Protein chains: 2
Amino acid sequence: MPNQQPGLDLVFRALGDPTRLAIVGRLARGPAPVSELAAPLRMSLPSAMQHIAILEQAGLVTSRKVGRVRTCSIDLAAMSEAERWIGERRREWEGRLDRLGEYLKTIDGGERDGADD
Amino acid sequence: MPNQQPGLDLVFRALGDPTRLAIVGRLARGPAPVSELAAPLRMSLPSAMQHIAILEQAGLVTSRKVGRVRTCSIDLAAMSEAERWIGERRREWEGRLDRLGEYLKTIDGGERDGADD
DNA sequence: GTGTTAGTTAGGCAAATGCCTAACCAACAG
DNA sequence: CTGTTGGTTAGGCATTTGCCTAACTAACAC
């Protein structure tokens, strides 16, 4: 049963770290080179790079090296996939609640028994 | 700079594991007792419980114990928070692209210089 | 009472994570 | 060519994670 969208857990795992969350937050405002991303992080460059690598593996970020500068950008596809998955679960749950409400209205004048699921 | 919504990284971290993703997927279809959640997982009960505890700490799941049965439910608040955060970054990025497009149209008949950010 | 079922606590262990420093390579600056 | 800057590779290390088994508690069944 541990199977939903393949790789989706990678996306969430990549976002599951304050440093990486901050990097994505920064990149949403526009592309940036590695060193600019690393600057506000209290952390060595190699460590920052590791975080960026994880974001890339998850498909959240892409990067291209021009001279000796590697410029990173957000990749919307993975973001949207994650957003959609959550939204689908949410709607599933809300729909369930709605149907429950309808059912309760159906037996309105009848019993007064608490029913769930 | 590692500061966005407090606890948001906890939410993503909790979702960043196939087992826990599966549990949330299951719970979106309706509440369930611990042992029913654990059944499809190839894993001991204590291990499954640990995952549930993590989901609860992240605010993704709530649970109430009635007799000796603990019933778990999804908590939409944390889910929505995560969904909203992603959506905001996405819109931020898309807005940026749109403004870039407008700018490029502005200088339409003029230069042909690649501008970014 | 005894036994069974649902969950919990305690303790241990291998692997993964997140950080570091040191050394290295490649581009640009002088 | 020499020095500096941006990035990368290598290796090490403490902590956290994810799993386990064994032992325990609490409710319900007989």
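Per chain, numbering begins at 1; letters A, B, ... match sequence-line order. Everything numeric in this text was worked out from a predicted model, so none of it was measured.
- Put simply, A:Ser44 has a side-chain N or O that comes within less than 4.0 Å of OP1 or OP2 on C:dC20.
- Look at B:Arg68 and you won't find any side-chain N or O under 4.0 angstrom from OP1 or OP2 of C:dT4.
- Contact check, B:Thr19 against D:dG18: no side-chain N or O comes under 4.0 Å of OP1 or OP2.
- In this structure, CE of A:Met43 is placed 15 Å from C1' of C:dT21, rounded to the nearest angstrom.
- OP1 or OP2 of C:dA16 has not a single side-chain nitrogen or oxygen of A:Arg13 nearer than 4.0 Å.
- Rounded to whole angstrom, the span from the CZ atom of B:Arg70 across to the C1' atom of D:dA26 amounts to 12 Å.
- Across the protein-nucleic acid pair, A:Lys65 atom NZ and D:dG6 atom C1' stand 8 Å apart, rounded to whole Å.
- Between the CG atom of B:Leu55 and the C1' atom of D:dG18 there is a distance of 14 Å, given to the nearest Å.
- At least one side-chain nitrogen or oxygen of B:Ser47 sits closer than 4.0 Å to the OP1 or OP2 atom of D:dC20.
- Here A:Ser35 does not reach the OP1 or OP2 of D:dT5: none of its side-chain N or O atoms lies under 4.0 Å away.
- In this structure, the CG atom of A:Asp9 is 11 Å from the P atom of D:dG18, given to the nearest Å.
- A straight line from CD of A:Gln50 to P of D:dG7 spans 16 Å, rounded to a whole angstrom.
- The phosphate of C:dC19 (OP1 or OP2) has no side-chain N or O of A:Arg42 nearer than 4.0 angstrom.
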